[in-house]
Amino acid sequence: MDVVRPEFVPDPSLSTAEMETLQRDIARAAVFEDDHAVDPESVAIDGPVGQSTLGEAGDGSVDEPDTDRPLVAGVDQAFVGDRAVSAVVVLRGREVVERVYAVESTEIPYVPGLLSFREGGAILSAFAELDHEPDIVFVDGSGRIHYREAGLATHVGVTLDVPTVGVAKNLLCGTPRESLDRKLPEGARVPIDADDEVETAENGVCIGYAVQTRQYESETQYVNPLLVSPGHRVSAETAADLVLATAAGYKLPEPTRLADDYADEVKTDV
DNA sequence: GCGACAG
DNA sequence: ATCTTGTCGC
């Protein structure tokens, strides 16, 4: 798939002020409500998808040809020295229909709030190799949960004009409506509200959710929730629904988990 | 001046 | 993100 909004392609050579200005423009172009045709129930995955097998399930059985089901993609990056590997995995149900990757040299260091200018280029290069057009894309990192409501998932979504969901392991900014310190039950979600750190939104606006995709039985030990936010053309509620529907026994939703594995696999080769 | 900070 | 063995607890 190709870039739809070339003016938003992340340029690492911009000054910090220019990057921030671009992010405010991106946030204004972003749609934080549902504008897609994916019913979360239609993408539900019951158990883990088998390792690197294209076209068949992990138990060796061939899946039903349900070509009407939506395509859900996951994208993740791995790093080798000064190069970034971006890997994309596309699923239809529990079937892997396509995997692509791209390698790009990193031009700038990681700066909180400006992640898309470091990793965005490699991600767009990987999507340029993709034949299928995903109905939803899970991006590793924040979307609307961002100082200017323009995190990596939002930047990629708006630039490609594809529905995206941000899936992060840590909270960048915003305030959880209730403490995340306690142990949350599997399936639970806690709203993340905009605060003074989020300069483009009114305080109290829900910009995402902490989502508990997995939890231990034990009383003392617990898994931290994921931080899910709208990237583009997806509401916060639906973003949380989609992540819970595609989580299949692991903390990360399957598309993201498989992209994670694929990026590591590619990293070992080149 | 101090704290906070996705990947 | 990445460097890395064992270890504690499901």
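Contact check for A:Phe117 versus A:Leu22: side-chain heavy atoms found under the 4.5 Å cut-off. In this structure, the side chains of A:Val243 and A:Thr213 come closer than 4.5 Å at one or more pairs of heavy atoms.
Checking A:Thr16 against A:Glu18 by side-chain atom types alone, no donor-acceptor pair falls below 3.5 Å. Side-chain contact, A:Ser235 with A:Glu33: no donor N or O sits under 3.5 Å from an acceptor N or O. Between the side chains of A:Glu149 and A:Thr200, at least one donor-acceptor pair of N or O atoms lies under 3.5 Å. No donor-acceptor contact under 3.5 angstrom links the side chains of A:Asp82 and A:Ser105, judged on distance only.
Sparse packing is recorded around CG of A:Asp196, with 12 or fewer heavy atoms of other residues, nucleotides or ligands lying under 6.0 Å away. Shown here is A:Glu41, whose CD atom has no more than 12 heavy atoms of other residues, nucleotides or ligands within 6.0 Å.
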Would you give a per-nucleotide map of nucleotides 4-10 of chain C, 5' to 3', where B means the base has a protein non-hydrogen atom under 4.0 Å away, S means only the sugar-phosphate does, and - means neither?
-----SS
Going 5' to 3' along nucleotides 1-7 of chain B, which nucleotides have protein heavy atoms under 4.0 Å from the base (write B), which only from the sugar-phosphate (write S), and which from neither (write -)?
----BBB
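A salt bridge between A:Lys169 and A:Asp140 is absent, with no side-chain N of the basic residue lying under 4.0 Å from a carboxylate O of the acidic one. Under 4.0 Å is where a charged nitrogen must lie from a carboxylate oxygen, and between A:Arg189 and A:Asp241 at least one such pair does. Here A:Arg257 does not pair with A:Asp260 in a salt bridge; the nearest charged N to carboxylate O distance is not below 4.0 Å. Checked for salt-bridge contact, A:Arg99 and A:Glu129 miss the test: no charged N lies under 4.0 Å from a carboxylate O.
Linking ILVMFWY side-chain heavy atoms closer than 4.5 Å, directly or via other members, places A:Val165 and A:Ile145 in two distinct hydrophobic clusters. Residues A:Met1 and A:Val234 do not share a hydrophobic cluster, defined by chaining ILVMFWY side chains whose heavy atoms lie under 4.5 Å apart.
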Please walk me through it: do A:Glu199 and A:Arg24 pass salt bridge (Lys or Arg N to Asp or Glu O under 4.0 Å)?
CA-CA 10 Å; A:Glu199 51 188 61; A:Arg24 293 186 188 94; 2.8 Å; yes
In sequence, state the C-alpha distance, the side-chain angles, and the governing distance for A:Asp193 and A:Thr175, and then conclude on side chain to side chain donor-acceptor pair (under 3.5 Å).
CA-CA 5 Å; A:Asp193 294 333; A:Thr175 305; over 6 Å; no
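No contact: A:Ala84 has no heavy atom under 4.0 Å from any strand.
For the pair A:Arg118 and A:Tyr110, the cation-pi test (distance below 6.0 Å, angle within 45°) is failed.
Taking a pair as Watson-Crick or G-U with both hydrogen-bonding distances under 3.5 Å, no stem of three or more pairs touches DNA chain C.
Listed pair A:Lys267 / C:dT2 meets the phosphate criterion, a side-chain N or O lying under 4.0 Å from OP1 or OP2.
Residues from residues 3-13 of chain A that place a heavy atom under 4.0 Å from any atom of DNA chain C: there are none. At a non-hydrogen distance threshold of 4.0 Å, nothing from residues 201-210 of chain A comes into contact with DNA chain B.
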Just to be sure I follow the notation: if a pair is Watson-Crick (purine N1 to pyrimidine N3 plus N6-O4 or O6-N4) or a G-U wobble (N1-O2 and O6-N3), each under 3.5 Å, what dot-bracket string does DNA chain B give, with | for pairs to another strand?
.......
